[in-house]
2 protein chains.
Amino acid sequence: MALKHSKQRDMIKDFLMSRKDHPTADVVYMNVRQIQPNISLGTVYRNLTLLADIGEIQRLRLGDGVDHFDADISEHYHFVCNDCGGVIDLEMENIDSIQEVAQKKFDGHITGHVTHFYGTCNCCMKAVK
Amino acid sequence: MALKHSKQRDMIKDFLMSRKDHPTADVVYMNVRQIQPNISLGTVYRNLTLLADIGEIQRLRLGDGVDHFDADISEHYHFVCNDCGGVIDLEMENIDSIQEVAQKKFDGHITGHVTHFYGTCNCCMKAVK
DNA sequence: ATAAAATCAGTAATCGTTACTGATATCGAT
DNA sequence: ATCGATATCAGTAACGATTACTGATTTTAT
């Protein structure tokens with residue numbers, strides 16, 4: 001069950017690395033199809049899942065019912081704009097201490113957390129004016 | 001478009017209030033059907049959405065692809081067990097300060113955050129022994 | 001009681017995603 | 001370089017959660 005090289009997988013990862021807006025599977029499909037017109041949506045899903053499983057990309061569940069994907073696998077947080085739905089990387093200091101706060105009165109074992117922030121992005125704030 | 005009273009909606013909310021494990025729409029349906037056998041799954045979904053919209057219950061998106069519902073609308077955090085999938089309320093001090101941490105270098109406006117914790121619950125830790 | 005309209009049960013449709021199928025591409029061994 | 005095993009493919013069907021539709025039934029203000 002060794003992993004074999006595939007042109008399609010490369011294209012998917014290359015496309016993802018070229019974007020910093022965390023596209024969905026469908027957006028990946030639309031774009032990769034521009035240069036590889038006969039690629040299948042199933043192939044996109046399969047490879048995104050595979051790449052996420054082997055840790056080369058990150059799957060983001062941001063509560064909008066659709067999975068987003070991010071080629072940046074470093075630990076970082078995301079902001080989701082309530083107006084435009086855009087997803088933006090946040091540069092911020094580490095907040096892992098919230099796990100210790102949560103652990104204090106809890107008898108299970110906390111190993112991680114999922115956090116994202118929401119509000120209005122700079123772009124949408126300007127648009128209102 | 002005034003809200004009218006409905007027996008079905010009451011039963012759904014009553015059931016939800018009787019549980020602290022944050023059931024899914026399907027679980028609500030299964031249980032309410034025990035006492036109201038001809039209730040429709042669509043009715044359950046419609047009323048859960050309506051109750052959430054008017055703020056009487058909370059919709060939880062915990063990343064497992066299914067919506068969970070909680071009659072406790074106070075702000076509180078949840079723990080999701082990686083082993084059994086169970087959802088447990090956490091008693092913990094306020095961590096809203098993470099929003100200020102996130103805001104520091106961000107030019108949009110952060111109004112909220114979504115956080116949940118994961119790991120192994122006490123029950124599953126004992127089961128391993 | 002009556003009538004307008006919110007709600008219902010039942011079912012079909014939608015959407016994101018996954019599974020299946022027979023064909024194709026990759027890659028280590030020859 | 002070619003072979004054979006098998007991972008991957010394109011295409012499509014199936015899936016599960018959720019939403020939308022429809023004509024019948026309840027609710028509630030008059």
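In this text, all values refer to a predicted model and were calculated from it rather than measured experimentally. Throughout, protein chains are lettered first and strands after them, A, B, ... in sequence-line order, and every chain is numbered starting at 1.
- Rounding to whole angstrom units, CZ of residue Arg9(A) and P of dT8(D) are separated by 5 Å.
- Among dT19(D), dC27(C), dA9(C), the nucleotide with an atom closest to any side-chain atom of His5(A) is dC27(C).
- Closest to the Ala25(B) side chain, of the nucleotides dT8(D), dT18(D), dT18(C), is dT18(D).
- When the side-chain nitrogen and oxygen atoms of Arg46(A) are compared with OP1 and OP2 of dT18(C), none of them lie within a distance under 4.0 Å.
- Look at Gln8(B) and you'll find a side-chain N or O under 4.0 angstrom from OP1 or OP2 of dA9(C).
- The side chain of Ser6(B) contributes an N or O atom lying less than 4.0 Å from OP1 or OP2 of dC8(C).
- The side chain of Val66(B) has dA17(D) as its nearest neighbour among dA17(D), dT17(C), dG10(C).
- The minimum heavy-atom distance linking Val44(B) with Ala25(B) is given by the pair CG1-O, 3.6 Å.
- Within a 6.0 Å radius of CE in Met30(B), no more than 12 heavy atoms belonging to other residues, nucleotides or ligands are found.
- Between the CG atom of Leu48(B) and the P atom of dT18(D) there is a distance of 9 Å, given to the nearest Å.
- Distance, Ile12(A) CD1 to dT8(D) P: 12 Å, rounded to whole Å.
- Closest heavy-atom contact between Asp67(A) and Arg59(A): OD2-NH1, 2.6 Å.
- Within the 4.0 Å cut-off from OP1 or OP2 of dT18(C), not a single side-chain nitrogen or oxygen of Tyr45(A) is found.
- If you check every strand for non-hydrogen atoms under 4.0 Å, Asp26(B) touches nothing.
- Following rounding to the nearest Å, Lys7(B) (NZ) and dC8(C) (P) show an atom-to-atom distance of 10 Å.
- Rounded to a whole Å, the CE atom of Met11(A) is 12 Å from the P atom of dC9(D).
- Between the CG atom of Asp53(B) and the C1' atom of dT18(D) there is a distance of 14 Å, given to the nearest Å.
- In the set dC8(C), dT8(D), dT17(C), dC8(C) carries the atom at the smallest distance from any side-chain atom of Asn47(B).
- Atom CG of Asp67(A) is separated from atom P of dA17(D) by 15 Å (rounded to the nearest Å).
- The minimum heavy-atom distance between Ile39(B) and Tyr29(B), with the atom names listed, is O-CE1, 3.4 Å.
- Side-chain to base pairing of Lys4(A) with dT6(D): one donor and one acceptor N or O lie within less than 3.5 Å of each other.
- A sub-4.0 Å separation between OP1 or OP2 of dA9(C) and a side-chain N or O of Thr43(B) is present.
- Regarding Leu50(B), its CG atom lies at a distance of 14 Å from the C1' atom of dT19(D), rounded to whole Å.
- Between His22(B) and Leu60(B), the shortest heavy-atom distance links the atoms CD2-CD1, 3.6 Å.
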